[in-house]
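Only one structure is covered here, and it is reproduced in the block below.
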Amino acid sequence: MSANKPVTPPQLVLEPLPAGGEVLTQDVERYQLYHLGRMQGCPPVYTYQALAWTLRDRLMSDWMNTYFVRDQPGKRRGYYLSLEFLIGRALSNHVLNLGLDAAAREALHSFGQSLETVAELEPDAGLGNGGLGRLAACFMDSCATLNLPVMGYGLHYQYGMFRQHIENGYQIEDPDNWLRDGNPWEVERSEFTCRVPFGGHTEHYYDKAGIPRARWADTSDVLAVPYDMPISGYRNRAVNTLRLWKAAATDEFDLDEFNAGSYSEAVQAKNHAEHISMVLYPNDSSENGKELRLRQQYFLASASLQDAMRQWRAAGNSDLSKFAEHNVFQMNDTHPTIAVAELMRLLLDREGMLWDEAWAVTSRCMAYTNHTLLPEALERWPVTLFERLLPRLLEIIYEINARFLREVSLKWPGDSDRQRRMSLIEEGAVRQVRMAWLAIVGSFSVNGVAALHSRLLQEGLFRDFVELWPEKFNNKTNGVTPRRWVAHANPGMTALITRQIGEDWIADLSQLEKLKPLAGQPAFHAEWRAAKRANKERLTALVKAECGVTFDPEVLFDVQVKRIHEYKRQLLNVLHVIHLYNRIKHGRLEGWADRCVLIGGKAAPGYVMAKRIIKLINNVADVVNSDPAVNGRLKVAFLPNYRVTSMEIIAPATDLSEQISTAGKEASGTGNMKFMMNGAVTIGTYDGANIEILDAVGEDNFFLFGLKAEEVEALRSRYQPLAYIERDPELREVIDLLASGHFNACEPGIFDMILASVTSPHDPWMVLADFRGYVEAQEKVAEAWQDRERWTRMSILNTASSGFFSTDRTMLEYNDDIWKLK
Ligand code: 9L2
């Protein structure tokens, strides 16, 4: 385009609706009566729905204009491919982003409702497990706020993350039927339905030009129907799209069966197809190798790529060699990485491209993010499964591999060991496709999610590939969105900060630095503490209601909430609680600070050890809370059904954030950032993004302990947990009390597996190795807490130093280094 060409102002495709309090009131009334058919006095969930529809109408013009004006035509676009988007609730988020707080309140007033109580009636969209899924949701928020043309592609699960309740201390899982009352935010766009093939076989032939071609025949197709969710930016009139695919059967019946009178059998196929998007797999950081999971992955990848190509064509493009100039796909872990082979298939078989042309396009528009080093999370699919489910994709993977290994052998002639290591196919009793290797070979960018994690990846797991293609590898430290995690979750602190430094920090978090000079001002301290105190009262009410435990908002709130996993070491936390209990029982109260310990998180339903850890936490809580000798000095609670919505109450109320994973195991962590932003001080190991948090806030404002990643690995071969017990009488006391059955009087033996695990020389998480360091760090916490001025300063400085951890910064880095969107 010539620089002097006059730019015509873009025409809006849709005018916005008025959004004052009065007109919102009319609309809420109209929706409740004329759309939902509910009279005054109906259950308030219908008022929630009426308000949601009313707000959705206000989003619609911005949504249409964003798509049809900002993004068309021929503009470069990004797509975030993820099996998980842990969005949580939407209503308050849109109210905040649209700046409609006062108007929405006015509208609800005539129904005798408050915004808070109505917002509570929205179920969480729990379409993710933990950090990886929530990260995708924070990314979507920041892309919209930065006005980046990025579309999310995910699955429209009928059942999201299971709901957890506790019976006799044990986790019980309940299905999460989050769509029961409908979802006012989603727009079904059946006109963009696509077909995803499965099964069948491949046929090979020569086309008219004599070029060898493949055809995937006799497939059983499943329809992918898109459901769009609006992602609003913060006060910038941008609304991006999260497109979720729902599986549906084709309308083609099996005619033979149908004609033979087997109507029901013919319809059964429908059921089978719809299973694909039925339920989210509830495993965090581990793979379970189920066939249905591979179906989900391919279903997402194929539908999304077909749709992106359709959109690109609809914008007037046709020269496929330019596809990579206009499109970039960020793959969230290996889960959607079959997309590499699928894009090749579409370009070769559907578009008739030649291999080299197709590979040039594919390998220039794919980018891969790795989220874990844990071996149990590395995805490998049996070749036999691929052959049955996705035969054409397996052929393509074989061809990618053959060409890739040729490149490897040219660079390292005769190094067969290296070829074996780098092959996309793992040889062995069961031959398997290595999805991470497919992702690396097919991508122009590969990143980890925190500085340490990226370094460990490059030095370890990915070393061979780094030697081959050093330029592909980079780091992108995670973040969290300050809109949800501060402005929405912590209105008290938000108002206080805004009074001091104005409101621009919400979309430019580095401005929180301006709070630093206030960290020494007594008047500001008083206000800071008052805001924290109000948040602690809010959490106290939640803990009372959910756990029946009475917290005291005056004392230290010590919190660990995240998925339950051995590497996250909730066990280390419990051992410390038992140690504190011992100190009370034995009157060793020097330097004591009262505390309330809160732990929450879900265990994967098949993860026996994690579920037993939940039972231990609950039993320890029961004993501690009911022992009169404790006398309020220590309270312990396990919060059931931890989810996005609970974190919105928890983070603002927390004083001490527990980030105590075995060093080298937590790729980044993002809960650590939510806590920091809300003025909690971290007690943590030198792991994941903790390291960068420590860098930002300084060691005076962070309680660091434990082995470093390299020390953990060096110790592994000679780790002797029993020696730690012998050397440390207080640790021995803890282990003895646990072994005595004090916490499981009615259920003998149930904690033996836990004792066996922590006392085993093979304990991969080295819980006991860090016990002493952890206890000492906790003693420093108690000491700091006693000095309220000091603690308040630390708290303010944590918030003031948290600017780097906004996903706005993360997204700008992805865009500058990888996506290059305008
Ligand atoms: O990058 C977002 C988060 C990190 O902050 C965590 O440290 O991703 C989490 C990391 N544990 C993660 N890695 C892998 C997975 N989650 C995961 C999730 C579901 C299925 C399989 C793996």
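Keep in mind that the numbers below use all heavy atoms, side chains included, and drop hydrogens, waters and symmetry copies. Since this is a predicted model, take the numbers as computed values, not measurements. Just follow the structure's listing: the first ligand is 1, and inside any ligand the first atom is 1.
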Using a strict cut-off of 4.0 Å, indicate which atoms of ligand 1 neighbour a heavy atom of Glu84. 19 (C)
Has the side chain of Lys611 got a donor or acceptor atom that lies under 3.5 Å from a matching backbone atom of Pro605? yes
Under 4.0 Å from a heavy atom of Tyr567: give me the atoms of ligand 1 that qualify, with their elements. 11 (N)
Out of all atoms in ligand 1, which are within 4.0 Å of some heavy atom of Asn283? Include the element for each. 19 (C), 20 (C)
Whether over 12 other heavy atoms sit under 6.0 Å from Glu459 CD: yes
Among side-chain atoms of Thr477 and Glu692, is any donor-acceptor pair under 3.5 angstrom? yes
Would you say Tyr607 and Glu566 are linked by a side-chain donor-acceptor pair, where the criterion is simply a distance under 3.5 Å? yes
Tell me whether the guanidinium CZ or amine NZ of Arg809 lies under 6.0 angstrom from the six-membered ring centre of Phe804 and within 45° of its axis. yes
Output yes when a side-chain donor or acceptor of Asn641 lies under 3.5 Å from a complementary backbone atom of His165, and no otherwise. no
May I ask you to list the atoms of ligand 1 that are less than 4.0 angstrom from any heavy atom of Glu666? 6 (C), 7 (O), 10 (C), 11 (N)
Return the residue, atom name and 0.1 Å-rounded distance of the protein heavy atom closest to atom 22 (C) of ligand 1. Ser285 N, 3.2 Å
Would you call Asp770 and Arg569 a salt bridge, taking side-chain N to carboxylate O under 4.0 Å as the test? yes
His453 touching ligand 1 at heavy-atom level, < 4.0 angstrom: no
Under a 4.0 angstrom heavy-atom cut-off, which atoms of ligand 1 come close to Gly669? 4 (C), 5 (O), 6 (C), 7 (O)
Just distances here: any N/O of Asn129 and N/O of ligand 1 closer than 3.5 Å? no
Would you mind running through ligand 1 and noting each atom that sits below 4.0 Å from a heavy atom of Ala667? 7 (O)
Any idea which atoms of ligand 1 are less than 4.0 Å away from a heavy-atom of Thr372? 13 (N), 14 (C)
Ligand 1 contact on Val449 by region, counting heavy-atom pairs under 4.0 Å: side chain
Under 3.5 Å between any N/O of Asn478 and any N/O of ligand 1: does that happen in this structure? yes
Atom OH of Tyr159 with >12 non-hydrogen neighbours under 6.0 angstrom: no
Look at Arg483 together with Asp808 and state whether they make a salt bridge at an N to O cut-off of under 4.0 Å. yes
Which ligand 1 atoms are under 4.0 Å away from a heavy-atom of Gly131? 2 (C), 3 (C)
Looking only at distances, can you tell me whether any N or O atom of His371, backbone or side chain, sits closer than 3.5 Å to an N or O atom of ligand 1? yes
Check each of Asp333, Asn370, Leu132 against atom 16 (N) of ligand 1 and report the one with the nearest heavy atom. Leu132
Cation over ring, Lys708 on Tyr686, under 6.0 Å and within 45°? yes
